[in-house]
**Q** 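Would you mind keeping the following structure in view while I ask a few things?
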Amino acid sequence: MRNGRVETATNNCGGLLGGVTDGMPLVFRAAFKPTPSIAKTQKSVDLSTMTETTLSVSGRHDPCVVPRALPCVEATAAIALCDAMISLESAGEDLAALVEKIAVFKKAQGLPVLDAIREAEKLLSVDARAAAGMADYDAALFRELMTLSRWRQEKLLGGEEKA
């Protein structure tokens with residue numbers, strides 16, 4: 001228990017267990033292969049003559065992909081999230097319906113459907129990540145999902161007491 005919430009001791013699973021989020025931060029890792037074009041002369045084979053030859057690359061070729069990696073990974077993650085949302089919609093289940101199912105599940109388990117303290121903590125976490133370099137569209141997407149979730153769950157609860 002941390003701050004009145006159940007949390008895992010570690011987040012080695014990256015926030016997903018069996019394809020379902022466990023409430024911990026979602027974490028994924030990306031790897032890049034070394035750039036294939038290097039300035040060092042290398043042994044090779046000329047396939048047209050079937051003879052040994054040397055290969056050298058001339059011109060400017062950046063040996064480091066780091067400056068380009070972050071925007072590529074961010075864009076890929078955004079595409080994956082959008083694809084997941086489209087998949088939900090194409091399966092006849094939009095995001096709002098999913099949020100409603102989560103609210104129903106919480107009620108059935110005796111958990112607070114709307115938890116202002118947890119929501120505030122999550123928004124502070126987004127603000128901290130945004131300050132640390134989280135892309136603006138990631139923060140905007142997260143805030144939009146929280147707004148939709150809150151609206152849908154309030155609608156589901158009607159006049160019932162909220163936590």
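Below, each value reflects all heavy atoms present in this structure, side chains not excepted, and no hydrogens, waters or symmetry copies.
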**Q** Tell me the salt bridge (Lys or Arg N to Asp or Glu O under 4.0 Å) pairs involving residues 7-17, sequence neighbours left out?
**A**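 Pairs touching residues 7-17 that pass the test: Arg2-Glu7, Arg5-Glu7.
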
**Q** Does a side-chain heavy-atom distance below 4.5 Å link Thr76 with Glu74?
**A**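 A side-chain contact is absent here, since even the closest heavy-atom pair is not under 4.5 Å.
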
**Q** State, yes or no, whether a side-chain contact exists between Leu47 and Val45 at a heavy-atom distance under 4.5 Å.
**A**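 Yes - at least one pair of side-chain heavy atoms lies under 4.5 Å apart.
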
**Q** Using the side-chain hydrogen bond (donor to acceptor under 3.5 Å, both in side chains) criterion, which residues pair with Ser56? Sequence neighbours excluded.
**A** none

**Q** Within the distance-only criterion (no hydrogens, no angle test), does the side chain of Asp46 pair as donor or acceptor with the backbone N or O of Met50 below 3.5 angstrom?
**A**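 Not confirmed, Asp46 side chain does not pair with Met50 backbone.
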
**Q** Under 6.0 Å from the CG atom of Leu16, do we count more than 12 heavy atoms belonging to anything else shown?
**A** yes

**Q** Met24 and side chain to side chain contact (heavy atoms under 4.5 Å, CB included): which partner among Thr8, Thr10, Asn12?
**A** Thr8

**Q** How about CZ on Phe32, more than 12 heavy atoms from neighbouring residues, nucleotides or ligands closer than 6.0 Å, or not?
**A** yes

**Q** If the condition is side-chain hydrogen bond (donor to acceptor under 3.5 Å, both in side chains), which residues does Thr41 pass it with, not counting sequence neighbours?
**A**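 Applying side-chain hydrogen bond (donor to acceptor under 3.5 Å, both in side chains) to Thr41 gives none.
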
